[in-house]
Amino acid sequence: MRKQRLLGIEKQMIRIISTALFMEVKNPKIQGMVSVTKIEVTEDLRYADAYFSVLSIGDNKVDELKVLEGLNEIKKYLRKRVSEETNLRYVPEIRVFLDDTVARAIKISNLIDKVNN
């Protein structure tokens, strides 16, 4: 399959899943600001690895493992939403992962600030 097509499918899935998380999902385990950072679809379209970042809002610390559990509970719903909004013959099974890139970037930035001061 052409690389361009996979990139298009990945972008479309990011849009659909982000919208579903923001507008439709009401799972109490999914707290804080949860966003899709990246989706990687395998070439045979069997699996889509979805990476989510979780940021705490205010002073409340978010339990990331609880959020991951909530995302795993709704992944079949997310796959259904993708199938409704795309015309793919086979909709990939969604595998959920937490992406800690943003948290690591903040931590590194704080360490650099400490060294500079």
Side-chain angles (χ1 to χ4, degrees):
M1 186 176 301
R2 289 187 21 232
K3 186 90 171 151
Q4 290 292 346
R5 182 161 186 257
L6 286 177
L7 290 173
I9 291 169
E10 291 169 354
K11 285 181 182 180
Q12 197 172 18
M13 287 183 70
I14 288 172
R15 182 187 56 77
I16 294 166
I17 291 173
S18 295
T19 302
L21 279 176
F22 184 68
M23 303 273 229
E24 301 164 12
V25 173
K26 303 295 182 215
N27 189 327
K29 291 182 183 177
I30 302 174
Q31 302 170 352
M33 194 168 112
V34 179
S35 62
V36 183
T37 56
K38 175 174 58 170
I39 291 184
E40 294 177 347
V41 178
T42 58
E43 286 194 29
D44 61 357
L45 291 179
R46 294 287 178 197
Y47 299 100
D49 295 336
Y51 295 89
F52 295 87
S53 72
V54 180
L55 294 176
S56 300
I57 297 175
D59 294 335
N60 300 334
K61 182 69 178 159
V62 175
D63 183 7
E64 291 182 353
L65 293 178
K66 196 173 184 182
V67 172
L68 182 62
E69 184 180 319
L71 289 169
N72 275 312
E73 289 174 2
I74 65 162
K75 67 183 179 180
K76 289 184 181 178
Y77 172 75
L78 296 175
R79 183 178 184 195
K80 178 182 169 216
R81 292 294 295 130
V82 169
S83 72
E84 290 172 351
E85 294 196 30
T86 59
N87 59 354
L88 296 173
R89 181 177 296 163
Y90 184 82
V91 178
E93 178 184 333
I94 298 173
R95 298 184 292 197
V96 176
F97 301 97
L98 288 181
D99 185 8
D100 63 343
T101 305
V102 175
R104 283 190 295 155
I106 292 171
K107 186 177 180 180
I108 290 170
S109 176
N110 289 339
L111 289 173
I112 291 172
D113 288 343
K114 277 185 182 179
V115 169
N116 288 335
N117 290 333

Quiz item: Got a sec: does the CG of Asn87 have more than 12 other heavy atoms crowding it under 6.0 Å?
Solution: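 12 or below, so no.
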Quiz item: Do other residues, nucleotides or ligands put more than 12 heavy atoms under 6.0 Å from Phe22 CZ?
Solution: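 No, not enclosed.
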Practice problem: Any salt bridge (Lys or Arg N to Asp or Glu O under 4.0 Å) involving residues 27-36? Give me the pairs, sequence neighbours left out, ordered by first then second residue. | Solution: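 For residues 27-36, and leaving out neighbouring residues, the salt bridge (Lys or Arg N to Asp or Glu O under 4.0 Å) pairs sorted by first residue read Lys29-Glu69, Lys29-Glu73.
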Quiz item: When clusters are formed by joining ILVMFWY residues with side-chain heavy atoms under 4.5 Å apart, either directly or through shared neighbours, do Leu88 and Val41 land in the same one?
Solution: yes
Quiz item: Does any pair with a residue in residues 45-55 pass side chain to side chain donor-acceptor pair (under 3.5 Å), and if so which ones, sequence neighbours excluded?
Solution: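 Found Ser35-Ser53, Asp49-Arg95.
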Practice problem: Taking salt bridge (Lys or Arg N to Asp or Glu O under 4.0 Å) as the test, write out the residues that go with Glu85, two or more places apart. | Solution: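 Listed in chain order: Arg15, Arg81.
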Pairwise distance [atom1]([X]) to [atom2]([Y]) - rounded to 0.5 angstrom:
X: Ile17; Y: Leu78; atom1: CD1; atom2: CG; answer: 5.5 Å
X: Lys75; Y: Glu93; atom1: NZ; atom2: CD; answer: 6.0 Å
X: Glu24; Y: Ile74; atom1: CD; atom2: CD1; answer: 10.0 Å
X: Lys80; Y: Ile94; atom1: NZ; atom2: CD1; answer: 13.0 Å
X: Glu43; Y: Lys3; atom1: CD; atom2: NZ; answer: 7.5 Å
X: Leu6; Y: Thr42; atom1: CG; atom2: OG1; answer: 8.0 Å

Practice problem: Decide yes or no on side-chain contact (heavy atoms from CB on, under 4.5 Å) for Phe52 and Val67, but give the supporting numbers first. | Solution: CA-CA 10 Å; Phe52 295 87; Val67 172; over 6 Å; no
Practice problem: Only counting residues at least two apart or in another chain, list the ones meeting side chain to side chain contact (heavy atoms under 4.5 Å, CB included) with Arg104. | Solution: Asp100, Thr101
Self-check item: side chain to side chain contact (heavy atoms under 4.5 Å, CB included) involving Leu68 - partner list, sequence neighbours excluded
Solution: Asn72, Val96, Leu98
Quiz item: Looking only at heavy atoms, what is the nearest atom pair of Lys26 and Met23, with distance?
Solution: NZ-O, 3.6 Å
Quiz item: Of the non-hydrogen atoms in Met13 and Ala48, which two are nearest, and what is the gap between them?
Solution: CE-CB, 3.6 Å
Self-check item: Step-by-step side-chain contact (heavy atoms from CB on, under 4.5 Å) determination, Ile9 to Leu45
Solution: CA-CA 10 Å; Ile9 291 169; Leu45 291 179; 3.9 Å; yes
Self-check item: Of all pairs that satisfy ring-ring contact (aromatic ring centres under 6.0 Å, His included), the ones with a partner from residues 65-96, not counting sequence neighbours
Solution: none
Quiz prompt | From Val36, Thr37, Val54, residue fulfilling side-chain contact (heavy atoms from CB on, under 4.5 Å) relative to Asp99 | solution =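 Going through Val36, Thr37, Val54 one by one, the side-chain contact (heavy atoms from CB on, under 4.5 Å) with Asp99 is satisfied by Thr37 alone.
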